[in-house]
Amino acid sequence: MDLFEYRNGRLYAEDVPVERIADDVGTPCHIYSEATLKRHFNLLKEAFAEADPLICYSVKANSSLAVLKLLDEEGSGFDIVSGGELFRVLKIGGDPARVVYAGVGKTRREIEYAIEAGILMFNVESKSELEAIEAVAGSLAATAAVALRLNPDVDPKTHRHTTTGKKENKFGIDLETAGAIISDLHALPHVKLTGLDTHLGSPINTVDPYVQALTKVLPLLESARAAGHQVEYINIGGGYGIEYRGGETATPADYAAAIVPLIKKSGCKLIMEPGRFIVGNAGIMLSRVTYVKESGDRSFAICDAAMNDLIRPALYDSYHKIWPVTTDKALSESVDARADRNGYANFDVVGPVCESGDFLAKGRTLPRMAEGDLLSIFSAGAYGMSMSSNYNSRPRAAEVMVSGAGYRIVRQRETYDDLIRAERFD
Ligand code: LLP
């Protein structure tokens with residue numbers, strides 16, 4: 001579903017050979033495909049067309065302005081979790097009336113900023129937060145639209161660090177408390193209940209958790225309506241899986257087939273908050289091999305990209321396909337781990353950061369590599385750049401947007417001066 005492919009042994013992003021970008025821009029760098037971003041947004045939109053969804057792209061997955069701008073032009077709304085994300089959305093001219101705001105720790109200042117900007121609604125995660133919104137809205141003589149983010153206690157069967165809809169997680173309001181909040185809502189004149197919301201975790205590779213959650217949540221809709229609230233929206237959050245390895249996830253059509261009938265029956269409008277699905281496979285990260293080091297029975301490909309550029313393997317043991325940018329060996333070729341003599345070897349692909357957790361892949365069978373070789377780390381568009389850091393005082397990588405046969409730098413590589421810009425020592 002993406003537009004990164006090998007042609008005659010060279011990797012292309014759309015119609016640009018990526019080694020050209022590496023030569024011009026340097027490495028490490030993140031490369032995005034404009035056509036793939038649009039394609040993924042529209043795949044989801046079309047699959048759910050019957051429910052006419054408001055797709056609120058989850059900004060945290062990749063908050064780069066160029067990505068936000070492109071999705072805004074496609075008609076996307078935005079799911080935000082901080083004042084900083086709202087600032088980014090407003091900066092690119094995004095429509096606040098298509099912004100939903102989740103997160104367990106919104107400060108009063110952030111709440112005020114969002115009300116003044118005119119966002120569509122807050123996804124409220126606790127009674128205390130609801131009271132804070134009531135107070136801030138009251139002080140601004142405004143009425144704030146809210147959805148209750150519900151914690152339905154459903155296991156999305158994903159990594160424990162990215163599971164959010166189980167009762168032990170900090171997210172959302174349990175159904176019983178939500179029922180009580182709904183009955184007492186008339187005491188809060190500056191909030192208006194317009195939606196019910198869940199986000200279960202990420203990535204979720206099957207439809208089942210969504211169906212389980214909706215089955216638990218929809219009865220609350222009835223009680224809310226019976227109490228006189230005009231609930232217009234059901235927000236099913238994000239989490240839609242992507243192919244990191246290939247073949248592991250449900251498709252948009254699968255998700256839609258299970259979810260759309262339930263939404264239609266509810267009579268509500270649908271909101272979705274996809275992040276990874278749109279950007280994950282619309283981005284790759286390029287890195288150059290600085291050294292190859294043989295140590296005992298291990299081979300290390302030491303690259304110029306590190307955990308500060310893509311932390312997912314270190315943090316969640318995530319799998320990202322890695323392959324040389326120029327190679328006579330097909331990426332899809334099934335590789336025999338013992339086929340050393342056929343030009344393959346087992347590599348730990350690591351970065352230069354001073355931690356043993358700094359790896360991009362471990363024990364991976366790859367074509368034999370040499371110093372100077374370029375590698376592509378695939379599926380790096382989501383939670384790559386947005387989770388990057390300056391750890392080890394490493395300037396952040398550059399970002400490039402490819403469109404057809406052309407490309408542009410959408411974020412300059414940071415300089416050493418950028419590293420210390422906000423600091424002083426006198
Ligand atoms: N909505 C809410 C309220 C969320 O918290 C998230 C992600 C999303 C939507 C979007 O989820 P997506 O469609 O992208 O799966 N850093 C982790 C993922 C953390 C997700 C946090 N919340 C990773 O790299 O896998």
Side-chain angles (χ1 to χ4, degrees), residues 30 37 40-41 43-44 48 53-63 67 71 76-82 85 99-106 120-125 129 147-152 156-166 169-173 195-206 209-210 213 233-244 248-250 252 255 259 270-283 285 307 309-320 360 377-389:
H30 289 271
L37 284 165
H40 289 171
F41 176 81
L43 270 175
L44 213 52
F48 281 81
L54 171 59
I55 297 185
C56 292
Y57 165 69
S58 192
V59 173
K60 66 180 81 63
N62 185 320
S63 44
V67 171
L71 292 171
S76 186
F78 298 97
D79 153 52
I80 60 165
V81 286
S82 69
E85 288 190 348
V99 170
V100 296
Y101 187 172
V104 294
K106 306 173 188 81
L120 178 60
M121 73 183 80
F122 292 94
N123 292 331
V124 176
E125 309 231 10
E129 182 195 330
L148 296 186
R149 175 168 176 183
L150 303 164
N151 182 324
K157 304 238 165 9
T158 188
H159 194 279
R160 69 197 157 86
H161 288 172
T162 57
T163 293
T164 56
K166 287 179 74 181
N169 302 133
K170 68 179 175 181
F171 299 97
I173 304 170
L196 296 179
D197 166 46
T198 59
H199 170 73
L200 302 172
S202 163
I204 306 173
N205 288 335
T206 56
Y210 292 95
Y233 295 96
I234 299 286
N235 182 339
I236 57 166
Y240 319 99
I242 64 168
E243 300 200 337
Y244 283 102
E248 70 262 52
T249 184
Y255 292 116
I259 293 169
L270 172 64
I271 298 180
M272 306 171 72
E273 301 174 346
R276 186 188 318 266
F277 183 83
I278 294 175
V279 285
N281 279 330
M285 181 171 74
M307 65 189 291
D309 301 298
L310 179 68
I311 202 172
R312 302 191 71 257
L315 208 53
Y316 320 113
D317 258 321
S318 302
Y319 178 95
H320 286 261
L360 299 170
I377 295 92
F378 291 89
S379 312
Y383 307 105
M385 193 65 186
S386 64
M387 293 181 84
S388 67
S389 78

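If you're wondering where the values come from, they're calculated on a predicted model, not measured in any experiment. Positions are given from 1, in the same order as the sequence printed here. Read the numbers this way: they start at 1 and go in the same order the structure lists the ligands and their atoms.
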Tell me if the centroids of the rings in F78 and Y101 come within less than 6.0 Å of each other. no
Can you tell me which portion of R149 lies within the under-4.0 Å heavy-atom range of ligand 1? Options are side chain, backbone, both, or neither. side chain
For a 4.5 angstrom cut-off between non-hydrogen side-chain atoms, does L360 reach H320? no
Specify the protein heavy atom at minimum distance from atom 17 (C) of ligand 1: its residue, its atom name, and the distance to 0.1 Å. Y316 OH, 3.1 Å
What protein heavy atom lies closest to atom 15 (O) of ligand 1? Include the residue and the distance to one decimal. S202 OG, 2.4 Å
Provide, to 0.1 Å, the distance between atom 5 (O) of ligand 1 and the closest protein heavy atom, together with that atom's residue and name. K60 NZ, 3.4 Å
Residue-level breakdown please: for S58 versus ligand 1, do any non-hydrogen atoms fall below 4.0 Å on the side chain, on the backbone, on both, or on neither? side chain
Which residue holds the protein heavy atom closest to atom 24 (O) of ligand 1, what is that atom called, and what is the gap in Å? R312 NE, 2.6 Å
Ignoring hydrogens and geometry beyond distance, is a side-chain donor-acceptor pair present between E125 and N151 at under 3.5 Å? no
What part of F277, side chain, backbone, both or neither, has a heavy atom within less than 4.0 angstrom of ligand 1? neither
Could you check whether any heavy atom of M387 sits closer than 4.0 Å to an atom of ligand 1, since that is the contact criterion I want to use? yes
Can you name the salt bridge (charged side-chain N to carboxylate O under 4.0 Å, His left out) partners of E243, sequence neighbours left out? none
Atom 18 (C) of ligand 1: closest protein heavy atom, distance to 0.1 Å, is R276 NH2, 3.5 Å
What part of H199, side chain from CB on, backbone N/CA/C/O, both or neither, has a heavy atom under 4.0 Å from ligand 1? side chain
Can you sort out the partners of R276 under salt bridge (charged side-chain N to carboxylate O under 4.0 Å, His left out), two or more places apart, ordered by chain and number? none
For T162, the ligand 1 atoms whose distance to one of its heavy atoms is below 4.0 Å: 17 (C), 18 (C), 19 (C)
If you count the atoms of ligand 1 from 1 in the order shown, which ones are under 4.0 Å from a heavy atom of G275? 12 (P), 13 (O), 14 (O)
Between S379 and N281: side-chain donor-acceptor atoms closer than 3.5 Å: yes
Go through ligand 1 atom by atom and flag the ones less than 4.0 Å from a non-hydrogen atom of G239. 11 (O), 12 (P), 13 (O), 15 (O)
